Each structure stands twice: as structure tokens, then as C-alpha cells.
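Report on one structure; see the data block that follows.
Only heavy atoms go into these numbers, but all of them, side chains included; no hydrogens, no water, no symmetry mates. Numbering of residues begins at 1 and proceeds along the displayed sequence. Being a predicted model, the structure only gives us computed values, none of them experimental.
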Amino acid sequence: MKIKPTIAAPALVFIIYSALLLSRAINLDTMLNGTDPYLAAVVVQLLIFILPTLFFCTLRGGGYAGKLRLRPFAPRAIPFVIVASVLLILVSCATKLAVFSLFGKTLGVDEGVGIYRNYAMGDNSPGPMLYLALVFALIPAITEEFTFRGVILAEYESCGVGAAVFFSAFYFAMLHFDIALFPVYFAGGLILALSAYVTRSVLAPVVIHTANNLFALFLEEYIWRSIIQPRNVVIFTFLTVLLLLIFMTFLFGEAGRLYKIYGKAGADSSYALPPEERTGALEAFVSPLFMMCFVLYIIIVV
């Protein structure tokens, strides 16, 4: 299907945003009274992300799947994935600490997810907790990464790798329709997009995203309860920033190690497209559909 990426990609994102906003009309309390509230949540996620994205890929035609890096990452990339997972958690903590320090606002688990978590923790059996991890950690990571680090990266590569990383992170940050959390998701989107390029696999950001989701579900709230005490904010901020710098150093070191391996193996590390397939980055920014996505975001958050 010969439609410019700067038109096709934001069109897909706008459809997903619209579906997500419509899904918010669903009453979670009503869903919890059903026989399987987790199944209902999974269906909603699949309808919002997978169905439109698969339809998009079908319209793009045969061979498109090859552009999406739907392959396992090599064992040598495991240290990078571990470091990136920790770094993503630290970036989230550091950004939320900054918001708390500046505005006195704590940023916890999404309210809707919190309903499910309380429901699961009210049951002493391990089943609900496993369902919780599956539904709100693994499946969102798979669906969102397939869309944003799979399709969106592939589409915007025609504008250059820098533009692809930026738009993937920017759309991902707007997806959550929370202006206070925008920096958290944007920084996270940058790490996830870079991990897809460094490991040459969309499964790497899926693993990293899942690790961060598990932390947010099961550990973050308990950590925040101790952090928000006035005497603890300063020391925790210092430790977070220190660890952030350390793991950033580790991340770049691991990325350099992987690219040296690619170089020795003679693997092509260029993502440049043929001149006839390239699109200017400016065209992506002035795209009417990109503007529509941004305006929709502003309307909702303001």
C-alpha cells in the first residue's frame, strides 16, 4: 500500500488514541462483577492495539513483517537488556521524584489498574496475582511494543533513525494522556526505541517494558510510602541520580560492545533507506495527522 509513512503512521496512532479514549467509558466496577474481569481487560487491549496494527500491516503488503524486527535477541544482548530494564525503572523513579519535589504530587499506579490490583490482592491464592502480572505487565508490553517499537519505528525510518526514535517515544508518551507523566513515558520511550535498534529485536523492549510494569505493579507503591517522608526524599534522590548515572554508563558500554561485535561480523549497522524511499523529518512534524494526534492529546489533558 503506497501511502507515505508520515501519513500512515499518525493515522494508525490517531485510531489507537480514539479507541483508547472510547475504552475509558467502560465501567471497571461492572467488569469486576463478571466471571473473568482479566479476560475482559485483555480483549480491550487487543482491540485497541493489535487489531488496528495488524490491519495496518496487512495493508502495507507482503514482506512488511520483515521490517518490524520480530526476532529473538541474541544471548550476547542479555546484559544490555538487564541494564536497560534497571535504567528504565531508575528513570521513572527519578522523574517522579522531580515531580514530587516540585509540585508535591505523588504519581502512582493507574487508577483502573489499581482496582484490579486490589481485587487480586484480596484473594490469597496465587492465581489472581499471576493474572494481574499477565494482563497488566506482559500483555501491555507486547501490544504497545509491537505498535510503537515495531510499526512506528519502521515507518519513521524513512525520516532517519533519530526521527524514528523521537516519534516512537513522543507518540508513546502521548498515549497515556497524562501531562504530569509525559516526561516519564517519553524518556522510557527513548530507552525502549534505542534498545530495539541496539539488540535488533523488538522482543528486547518487550522484556524491558514488562520488567518496568512489574516494578510499577508490585513494588513502586511500597517504595514511595517510605520515600515521601521528608527526611528520606533527599537521600533517595541522591541515590537514584547516582544509580542513574552508573547504569547509563553501563548501558552505553554494553551498546558499544554489541556494535563492536556487529562490526567484526561484518553486519550492516545502517538503517538508511534508498534515496527514493526517504522522507524529510520536517514533513513528519508538519503532517496534518500528526497535528491531529497532538491536538487530541492537548484537548484531553487540558
Smallest separation among heavy atoms of P140 and N213, with atom names: CB-ND2, 4.3 Å

SB check E283 K4 (cutoff 4.0 Å): yes

Candidates F49, F290, F177 - the one meeting ring pair (Phe, Tyr, Trp, His ring centres under 6.0 Å) with Y17: F177

Pair F73-F80, side chain to side chain contact (heavy atoms under 4.5 Å, CB included): steps then yes or no: CA-CA 11 Å; F73 53 86; F80 175 89; over 6 Å; no

Y156 and Y171 aromatic ring geometry - parallel, tilted or perpendicular at 30°/60° bounds: tilted

F167/F285 under ring-ring contact (aromatic ring centres under 6.0 Å, His included): CA gap, chis, key distance, verdict: CA-CA 9 Å; F167 279 102; F285 282 101; 4.8 Å; yes

Donor-acceptor pair, side chain of T143 and main chain of I139, under 3.5 angstrom: yes

Worked verdict on Y197 versus E157 for side chain to side chain donor-acceptor pair (under 3.5 Å): CA-CA 11 Å; Y197 279 118; E157 276 177 7; 2.9 Å; yes

Test item: V135 and Q45 side chains (from C-beta on) under 4.5 Å apart, heavy atoms: yes

Partner of H209 under ring pair (Phe, Tyr, Trp, His ring centres under 6.0 Å), chosen from F172, F136, F148, Y185: F172

ILVMFWY cluster, L245 and V86 together (side-chain gap under 4.5 Å): no

Side-chain touch F146/V206, heavy atoms, less than 4.5 angstrom: no

Where A133 and L217 come nearest, the two heavy atoms and their spacing: CA-CD1, 4.4 Å

Hydrophobic cluster identity match, V302 and V295, side-chain contacts under 4.5 Å: no

Results of salt bridge (Lys or Arg N to Asp or Glu O under 4.0 Å) for E145 - residues two or more places apart only: R149

S168 side chain to A164 backbone, donor-acceptor under 3.5 Å: no

Value rounded to 0.5 Å, distance of CG in L68 from SG in C57: 5.0 Å

Smallest separation among heavy atoms of A141 and T210, with atom names: CB-OG1, 3.2 Å

Same apolar cluster (I L V M F W Y, side chains within < 4.5 Å links), L243/F238: yes

Linked, directly or transitively: L88 and V241 (ILVMFWY side chains, under 4.5 Å): no

Ring geometry between F166 and F186 (parallel below 30°, tilted from 30 to 60°, perpendicular above 60°): perpendicular

NZ on K67 to CG on L153, rounded to 0.5 Å: 13.5 Å

Check: T6/S287 side-chain N/O donor and acceptor closer than 3.5 Å: no

Approximate separation, where rounding is to 0.5 Å, of L242 CG and I246 CD1: 4.0 Å

Side-chain heavy atoms of L175 within contact of Y297, under 4.5 Å: no

Heavy-atom closest pair, residues V184 and S92: CG1-OG, 3.7 Å

pair R257-E254: side-chain heavy atoms closer than 4.5 Å: yes

Atom CZ of F215 with >12 non-hydrogen neighbours under 6.0 angstrom: yes

Nearest heavy-atom neighbours spanning L289 and A11: CD1-CB, 3.8 Å

Heavy-atom closest pair, residues L87 and L244: CD1-CD1, 3.5 Å

Aromatic plane relationship, F250 with F247 - under 30° parallel, 30 to 60° tilted, over 60° perpendicular: perpendicular

Pairwise side-chain contact, L296 with L21, heavy-atom cut-off 4.5 Å (strictly under): yes

From I48 atom CD1 to I15 atom CD1, the distance as rounded to the nearest 0.5 Å: 13.0 Å

CD-CD1 distance between E155 and I7, expressed to the nearest 0.5 angstrom: 11.0 Å

V161 side chain near V165 side chain, heavy-atom distance below 4.5 Å: yes

NZ or CZ of R200 within 45° of Y262 ring axis and under 6.0 Å: yes

Side-chain heavy atoms of N212 within contact of S85, under 4.5 Å: no

Gap between atom CG of L51 and atom CD1 of I16 - 0.5 Å precision: 10.5 Å

Shared hydrophobic cluster for V301 and F170 (ILVMFWY, side-chain gaps under 4.5 Å): yes

